[in-house]
Every structure is written in C-alpha cells, then in structure tokens.
Amino acid sequence: MVEQLPRSKKIKTIIGEFGIAIALLAEIALFSSLSPYFFTAENILNVTLQTSIIAIIAAGMTFVILTAGIDLSVGAMVAFSGVIATSVLKLDLPFALSFPLAVVIALSIGIFSGSIAGLFVTRFNITPFIVTLSLMTIWRGASYMYTDGRPIWGFPDEFSFLGSGRVFGIPIPTIIMICVYIVAYTILKHTKFGRYVYAVGGNKEAARLAGINVNRTLLSVYIISGVLSAISGILLASRMNSGQPNAGLMYEMDVIAAVVVGGTSLFGGRGTIVGTFLGAMLIGILRNGLNLLNVGSYVQMVVLGVVILFAVLLDQMRMK
Amino acid sequence: MKRGSIKTVTSLLQMQNIRKQYPGVLALSDVNFDLRAGEVHCLLGENGAGKSTLMKVLSGAIKKDSGTILIDGKEVEFHSPADSQKAGIGMIYQDFKLVPELTVAENILLGNEPTKGKSPFVDFKKMNEIARTSLTQLGEEIPTTAIVSSLSVAQRQIVEIAKAISKKVRILAMDEPSAALTENELKNLFAVIKKLKQDSVGIIYISHRLEEIFEIGDRLTVLRDGKYIHSCNVAESDRRSLVRWMVGRELEQEYPKIELKRGEEILRIENLNAGILKDINLNVYRGEILGFSGLVGAGRSEFARVIFGADRKESGFIYLEGKEIYPKSPREAIDLGIGLLTEDRNKYGLIMQMNVRENISLSNLHDVVKGFFINRSKENSVADKFTNDLRIKTPSIEQEVENLSGGNRQKVVLARWLFTKSKLLIFDEPTVGIDVGVKYEIYNLINQLAKDGVGVIVISSDLPELLGISDRIAVMCEGKLTGVLSRSEATQEKIMTLATGGNLEATHG
C-alpha cells in the first residue's frame, strides 16, 4: 500500500522545512518596524560581518553534528589559532612572507586538532563530547600559557585589512563566509563525501556495511571543523587587531545553537547547511536588533535562550 | 456464567465493524474479530492489511473512528493504553518493550513494584518472588535477578509474557513472536502458549509463518487491504486457501523453483577460522542457490560477515573466482564483487533518514559520480529503474525509507546490491517479517540472479523456505559446518539433526 502523508503532516512538514526562514522574516519585519536604522544596507552588511565568524564555524559544526558528533573545542581553537597566527606576524619578516606563513601555521593547527579529535573518536571510540571537551580546555590553556595571559599586538597594520577591510563595499569576512557556505553546500549536497556524512550520522553500522569508510568520514568532519575554526581565529584576531587568549570564549554555544536552530538533528543524519546559515543569521540579527533597541546584554541572553527553545520546538514538530 | 445455563461459546472479546480512516488511506474498513477464552486466534494478512492497526485499536494506542469493542459482552471504550491494560489486554510486540539495563524481576513488575509496607522503598525480595511465580507458571526458569540485556531473544520474550501474566491478562496479543526464534525456542513458546490456554487466556497470534498457524492456532481471521476477508477454524483450512485469502489471488506455488545449471566455482573456503567459526571448508558455484541452515548463533551470520570483510578471519583461505582474497573491510569486499544483505535490514541495512534514491545508490556512488559531483539525473534514473524493476511501492524515489513497509524496505536493500553488480550475493534472513506476496517476488529475484550467473548464498531460519529455494543446503552447528545436503537428499529432519550436532550418513556435496 502506498503510504500518503496526511495533510496535517504535510503542513507540519512545510512549517518544519521553512520554519526557520519564516522565523527569520518575522524577526526582520519586527526589527524593521521598531528601528528605522535596522533595515539599511549598511546595517545588514554589519550583521553579516558580526555573524560571519560564528557562521563560518557553524558550517564546520554542521558536518560534525550531522555525523551525530559534537565539537566543543571550536571556541578555544579560535583563540589558539589567533594567538599563534599573530605571534608569527610579529616575527622579523616581511608581511608578504609572514602573513601566508601565519595562515598556513594556523590552519595546520586546526587540521592537527581535528585529527586528534577524529583519532580519539574513531580509533579509541571515545565519545566526541568528552574528546572535544578535553581539547577545549587544552587549547584554551595553551593559549594562556603561550601568551602568559596577555594579548599579542604590535604587528603590521596590513593584517587588519582581512577582518575590517571591504571589497566593493562588502566586508571581507562576509565574503569569506559566503564562499565557505557555497563550498560546504556543494560538498554536502553534491559529493560522495557529503552523502557519506549523512549516512554515517544516520546509521553508522549500516553505513559501514554499505561499504562506507566510516572512520575516514568521521576524521574528515573533525578536520573540517578544526580548519574552519582556525580560519575564524585568524579573522577575529585581524578584526581585534590582536591575538587574545580569551578570544572565542563560549563560541561553541552560539555555534551549536545556530546549527540546531537551523534544523540539524543532534542525533545525526538530518540537517542542511542552508538551515545552519539561516540559524546563524537568526541569532546574529537578534543580537544586532536588540543592540539597536538598546536592550542590555543580560536581557539579550535571556531572549536568545527563549528563541533557541522555540526554534527547537518548531523542529520537533517536523519530526512528529 | 450462571449455573444450569446452556453451555454456549461466549466470546471474551468482540470487535465489531471497526473502522479507521487515515488521511488518504482507509486502514480498517468495518472489520470484525472475536476471541474466545482459551483459544488461539490467528490474525493473518499481508503487510498493510490492517493487522497492526487493529491491534493498536485494541491496545488503546489509537482511537477507532467507529465500531464497538465488547469484552464479556459489555461495551468498552479505550482512550489510552492504560484503559486497555485495565481491561485485561496485554500486547507483546516484535521489538520488546523491556528495559535492557534492569533485571528480569524489575522488568516484570515495572510500574507495579511492591513496596515495604507504605514506604517508598521497593521490596526486592517480594518483587523477585512475584516474578518467579509468573515465570514458574510458564514453566520457565530464568533467574529473576538476571539483567535483561544478558538474556537471549527467546528468554526476553518469555519475560515479556511473564510481565503480561503478572498483570493478570485475559487477552494476549502476540505480534510476530516467532520472528527471531529457533525451532527449539519456538517449541518452548508453543508450550507456554498452551499453558496460557489452560488458564483460559485468549490469545491473538500474528505470524507470517503459515506452518505455525497450523501447529498452534484454533481459529483464524484473514484481513486484506483493511477489510475483513474470512474467519474459520484452522482445521478447516489449508495452506493454499490461506494464501489465496491473504493475497487475493492464487499463487501457483509458494516457492518458485527454476532449473538452474551449476556453473564454475565462484567461492572456495579452505580451513577458515574466525571467532566461533572452526575449520570451514566450502565451495559455492555460479548459478546455484546455496542455502545456509543452523540454529541462531551457529555462526551463519559470522561466516557471512567474514566473507564480506566486516569481521576478520584468523586463519584459512578465501578464494573468489580462483584468486585468494582477504577483504579487510566491506568496501574491499564490495569492490571485489561481494554483496551482503544483512539480517535486520532496519538496523544494519538501511539508512532510515535517507530516501529510496540515496539508499539505492549508497554502495556504488562511484557509478553515478561525474568528476567531483554526484550526477543527479543519472542517480535518479538508476533509482527509477530499480524501483520499477523490483516493483518497490513508494510514492516517489524521494520518499524516506522509514515510511516504507518491510517488504519494500527489503527491496530497496536488494536494489542497492543489484546496482553494485555483485558476483556473489549473501542474503541473511531475507524474508523475515515479509508477507507472502513479496516473499514470492524476492524468491523470483533470487532465482533470476542465480540464473544470471551470480553465486547466491541464502541464510535462513525458515526451513520450508530453504528447502523450497536452495539447490544445496549447508548446515552449521556451533561454528562448524556439519554437512552439505543436495536438494534431493535434504529434509527437515536431516537438517535439524545436523544443526543440533547429530550425525548423519550424508554425502558431502
């Protein structure tokens, strides 16, 4: 018997699929009506700039969560890659040399951290939560050790262009974010690897018996997350024009919120990169709008929590 | 019943004109069912016939749209499973509702824990006593303090029944209780059912295995497409008419068997040792169906997993088409041309969240990739082709497999392996929980594969099935291959003798 979706379920599915987009539009409408400055090109660009760093990490986190994993080390990786990159920039080298070197080293650290996470998760079968929780404190501690707890500065001004500069009026971090999302979307939607990510998250053993190299897939997603965290670390250091050991504190929470609000299941196997992007924007716009309305940061935290709860509730409706 | 009244057969349970409409589907259309105390009433029908829906109505899990339910002639209305349980109705589902980490006694009395007086503390001594009483009633000696996860499937089922008994059920519905049981365990289950009958419990028995119905059933009712088709005494029916009522048409025979010509050797196993597998020697040929029999735990699935690279061998040799192979992962085995349709397709076969298309292409994405990217139109045409060829019933190839019935899910898995173009296909319990009509289609597909020169190994606990479709039957017992019987010499008795470690004057094929 061909099973048809009941109409009520169809409606729920639609709400589920587009719920986040609807919520985002409602949010934009609300803030536009409350603040005349909100819906201006300048402010919109501003939002994308402010959100870019969280959003870039969230793209990587989506891969990890799709495999039913989690990466808590992203915030600490932002700090560690930032302080290492900035310290390389302080070397007595021409910027043309020190900058690429800084980027390569920072990204290598991201790959290294992701590999360690992937190794412990696959070879030693330790839960991702514990592995990345450990890495989180390791990299955070390492950042403080390396800098003695003091920010690093005094490197060439050119560096700040990366985080604060614009090309054709668009902030560079925004451009990088868009590129990251296009690539991530393409990988997840149109490549074998992307398909494997969903399969491994949906049913690890069935994926293995279908001939998928589960360990390699898992290792890859943690490396992706590590690399994107490192990219964000460089961008943040550039925006702040310093390498701060306490940079990216609690970022993992915002990032996970963005992914989950975007409809990706923490149990793996379900979710989209577009959802994550919208989730990150929803949170970013909320912050921005509340700032424009002069809502204090304490209240903002409460509001954010409520919004996350309701977004997840919406997602739950889809599952039913 | 009043003394002196004429002895009539009163119905313990009557379900009259039960109707349940789902959007787009009429799941039950004026279905009638009645059950007497102390009888086993078998409920038959293909997947989607409405058996489960009817049982869900009875259990209070879903609400009927119309119709009446009478218990002892009095109308009852169930608003929740609790109402149904209070009325003395117990359900035993295929996937047991036991808490694996708790003990047997804790499970049996879950929600009804005896306490020490009025204190909140559980009286474990009393709890174990009550549990033991329930189990003894069934003639079972499972330690009440054992953790459920350490029990066998059959033992868990007994615990599940004991749990129902401890709640003093009068009506017990069993959904496919035999699916995971071996012959001996099944005998034991039937003994338990007979005890329950003596205690005047009415039993509703759902199974796809028709021979069980003739063995244990008193009466039967057949549903098809949500409609009531027929009720009669089991003694007045035969296999042929049952199948006709269920399928709605005449099936020529249950096991279509075609003459096959054995080709050259495709697989040779020499002195294979791995885990419980001891010294296996075996040949498999192109164009033949090799059945694999044995009790659960005899090592049949383990054998399949080693060939498929899912587990490692310890010693011995595997030759595929004369060349020694040593697959260290399923991927390597697949690339060599070996496919495995695992037992328990839901757990080990399918990715439930993925749709039909993605599940079909999963093992062979290589063939639909162009450069870096998956070629969607090519993938679609592959999925469309197999959906049509195998007659997979799905609204579209974009449907998540979670929403398909068991038979169609199995066809999706089969489509995946057909797409990998395997030279050797191993089917592990391919027809468990699948209805007669789809089983027939699967047998035909297996025949076709063998005819096309694929080496086919079918592992099954269903003896009539194995005897019906195999050219040769290999029998395992405790990790050893105890014999290989040709089609002409194989009988249920011989297989059971070999499967239980007995000796047989059989020629090894």
Side-chain angles (χ1 to χ4, degrees), chain A residues 1-13 16-17 65-68 122 182-217 263-272 315 318-320, chain B residues 22-25 27 46-50 225-226 305 308-310 329-335 339-342 344-354 358-359 361-366 368-369 371-376 379 393-396 399-400 402-405 408 413 416-417 420:
Chain A
M1 199 183 305
V2 174
E3 289 163 50
Q4 286 183 333
L5 284 179
R7 173 171 290 171
S8 63
K9 191 168 176 184
K10 267 186 193 158
I11 293 169
K12 277 184 181 171
T13 312
E17 294 295 331
I65 292 182
L66 276 175
T67 65
T122 56
I182 290 172
V183 172
Y185 175 84
T186 312
I187 290 176
L188 275 180
K189 189 97 180 171
H190 294 295
T191 68
K192 279 208 285 190
F193 170 71
R195 196 63 69 74
Y196 293 168
V197 169
Y198 282 97
V200 168
N203 186 339
K204 214 160 128 179
E205 186 59 15
R208 190 172 86 94
L209 292 172
I212 293 171
N213 191 332
V214 172
N215 284 355
R216 193 164 66 197
T217 307
T264 297
S265 162
L266 283 173
F267 298 109
R270 273 184 217 275
T272 62
D315 192 48
R318 177 175 57 161
M319 296 299 171
K320 282 271 163 64
Chain B
Y22 286 118
V25 180
E46 303 196 73
N47 290 331
D225 296 335
R305 289 174 61 90
F308 187 59
S329 69
R331 180 75 261 164
E332 286 184 31
I334 293 166
D335 291 341
L340 170 66
L341 281 88
T342 55
D344 199 340
R345 55 191 163 267
N346 300 340
K347 214 164 148 192
Y348 302 119
L350 295 159
I351 313 287
M352 285 294 173
Q353 300 94 326
M354 285 187 153
E358 292 164 330
N359 268 292
S361 63
L362 192 62
S363 291
N364 193 16
L365 280 174
H366 184 73
V368 291
V369 162
F372 273 122
F373 305 115
I374 294 170
N375 182 340
R376 262 301 280 280
E379 192 186 19
K393 284 183 198 164
T394 173
S396 88
Q399 178 79 310
E400 289 178 8
E402 204 164 40
N403 299 323
L404 301 186
S405 70
N408 285 307
V413 182
R416 179 193 297 163
W417 293 110
T420 60

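In what follows, chains carry the letters A, B, and so on, assigned in the order in which the sequence lines appear, proteins first and then strands, with residues in each chain numbered from 1.
Take B/Asp335 and apply the side-chain hydrogen bond (donor to acceptor under 3.5 Å, both in side chains) test, not counting sequence neighbours, and it matches B/Arg331.
Considering every non-hydrogen atom in both B/Ile351 and A/Ala206, the closest pair reads CD1-CB, 4.1 Å. The two atoms that bring A/Thr191 and B/Phe372 nearest to each other are CG2-O, 3.6 Å, heavy atoms only. Taking each heavy atom of A/Asn203 and B/Asn346 in turn, the nearest pair found is ND2-O, 3.7 Å. In terms of heavy atoms, B/Ser363 sits closest to A/Ala210 at OG-O, 2.6 Å.
There is no contact between B/Ser329 and chain A, counting heavy-atom distances below 4.5 Å. Heavy-atom distances place no part of B/Arg345 under 4.5 Å from chain A, backbone and side chain included. Both the backbone and the side chain of B/Leu362 come within contact range of chain A, with heavy atoms under 4.5 Å apart. Using a 4.5 Å cut-off between heavy atoms, B/Ser361 touches chain A through its side chain atoms alone. Residue contact with chain B, scored on non-hydrogen atoms closer than 4.5 Å, involves the side chain of A/Tyr196 exclusively.
Between B/Met354 and A/Tyr198, the closest side-chain pair of non-hydrogen atoms falls below 4.5 Å.
For residues 192-201 of chain A, the salt bridge (charged side-chain N to carboxylate O under 4.0 Å, His left out) pairs, not counting sequence neighbours, are A/Arg195-B/Glu358, A/Arg195-B/Glu379.
Distance check: B/Leu350 CG to A/Leu209 CG gives 11.5 Å after rounding to the nearest 0.5 Å. To the nearest 0.5 Å, atoms OH (B/Tyr348) and CZ (A/Arg208) are separated by 10.5 Å.
By number of non-hydrogen pairs under 4.5 angstrom with chain B, the leading residue of A/Gly194, A/Gly201, A/Gly211 is A/Gly211.
At distances below 3.5 Å, not a single donor-acceptor pair connects side-chain atoms of B/Arg376 with backbone N or O atoms of A/His190.
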